[in-house]
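This report concerns only the one structure given below.
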Amino acid sequence: MRRSTVIAGLAAASLVLAACGGGGNAESAGGAEAESGGSGNEVEVFTWWAAGSELTGLQALEAVFGEQHPDVEFINGAVAGGAGSAAKDLLQTRLQSGNPPDTFQAHAGMELQDYIDAGQLEDVADLYGEFGLDDAFPDDLIELLTVDGSIYSIPSNIHRSNVVWANPDVLEEAGVDPSVQPESISAWIDDLRKVEESGAIALSIAAPWTQVHLLETVLMADLGTEAYNGLWTGETDWAGSEVTGALENFETLMGFTNTDRDGLDWPDATQMVIAGDAAYNVMGDWAVALFEENGIERGTGFIDFPVPGSDGQFGFLADSFTLPVGAPHPDGAKAWLETIGSLEGQVAFNKAKGSIPARTDADPAEFSEYQQTAIESYATDEIVPSLAHGAAASVTVLNGVENALSKFTSGGSDLETLQAELVDATS
Ligand code: GAL
């Protein structure tokens with residue numbers, strides 16, 4: 001009951017909160033390119049998985065695609081920048097000028113709703129039947145993807161956002177016992193202070209989207225599931241004292257971070273923990289792929305735990321792939337979508353990416369120790385939608401939150417102004 005209720009509530013909220021999106025012109029999409037390109041044997045796949053472990057994940061998918069559809073050429077349209085920080089704007093420009101890629105990555109939830117509202121996506125519900133996917137995904141995920149009986153994407157994975165990654169050696173040097181996990185943000189602040197006094201960077205962070213990511217996890221931890229979910233349905237007041245308390249904690253946490261953050265992306269911040277320059281980093285579980293890529297062992301080389309106070313919550317986000325209106329190579333896109341939904345594709349991709357399969361029939365034993373904890377948590381914990389990764393709010397709302405936050409963290413506003421601007425951004 002717990003999960004279906006929350007996700008169903010979100011799907012309903014998505015209709016209420018739907019922003020006007022980019023106003024793409026579905027009628028003219030495709031245009032000349034579609035005519036000249038026909039449905040030829042290629043597929044341009046647009047993602048932001050351009051480098052490092054994210055590229056490795058994409059390549060794992062590409063390899064399965066090559067086996068399943070050897071006659072279709074894979075064209076990598078990735079645009080670098082974590083969380084789509086550069087890709088999403090470029091995508092919007094392409095969609096609005098009638099030049100869509102054949103398929104693009106979009107998060108399940110409110111972000112997808114933006115594209116649906118703008119008439120930029122084809123209904124792919126028939127493909128679920130054709131590829132035998134109707135029973136492959138959890139009902140609540142299908143519900144989140146379904147709008148008025150139509151389904152507009154096929155999910156490739158599920159990531160968890162509310163995870164702390166830490167270097168146990170740095171903690172020990174600071175006199176913090178790595179085996180004891182703080183139970184709340186306030187308890188964690190005591191540990192952060194000890195690390196700061198030891199001379200290491202206590203909490204590594206990067207560009208503004210990673211700060212939104214940190215904020216969402218503080219909101220989850222401090223408000224609890226019901227009040228956090230209420231932020232997206234209108235039931236929780238962004239101007240209220242609970243949010244003020246969480247913002248105060250966020251401000252304190254930011255005080256422990258590296259100052260050279262704005263030019264950095266998530267791998268740089270996670271790398272600081274790997275290198276022993278920083279003790280903690282809060283990041284989604286794509287970070288585990290970076291530790292693994294560096295040959296760092298869970299338990300000895302790094303530890304992970306839910307953001308203090310958010311134990312029992314699964315900060316949810318899911319990548320999914322679409323068939324844009326006017327895609328120049330719809331047959332290539334359908335072939336890609338078949339690979340995305342297939343068991344073989346999901347196993348290969350998720351093993352490399354750090355996420356867990358969206359399909360329910362993958363064998364957990366195929367995955368790493370960390371991923372097995374995520375599979376368990378997804379099955380038993382409360383599901384709370386990620387803000388920074390498109391599950392909870394539209395791109396418009398997210399951009400408003402990020403602008404307000406980066407103004408604050410760069411010294412351009414105080415806490416009161418931040419809260420007022422968050423109220424504006426989310427209303
Ligand atoms: C998320 C995406 C993940 C990962 C991350 C960092 O938005 O869902 O798959 O790529 O950004 O770039």
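Predicted model, so just to flag it, every value in this text is computed and none were measured. In listed order, ligands and their atoms are each counted from 1.
In the model, S310 has a side-chain atom that pairs as donor or acceptor with a side-chain atom of N162 under 3.5 Å. Between the side chains of Q120 and Q92, at least one donor N or O lies within less than 3.5 Å of an accepting N or O.
Pairs engaging residues 246-257 under the side chain to side chain donor-acceptor pair (under 3.5 Å) rule: D222-N249, T257-R261 [sequence neighbours left out].
A salt bridge links R94 to E44: at least one charged side-chain nitrogen sits closer than 4.0 Å to a carboxylate oxygen.
Within 4.0 Å of ligand 1, protein heavy atoms come from W48, W49, E54, G82, A83, H107, H159, W266, W286, L317, D319, K353, H389.
Under the rule for a side-chain contact (heavy atoms from CB on, under 4.5 Å), the partners of L90 that lie at least two apart in sequence or sit in another chain are F46, V79. Residues passing the side-chain contact (heavy atoms from CB on, under 4.5 Å) test with A51, sequence neighbours excluded: none.
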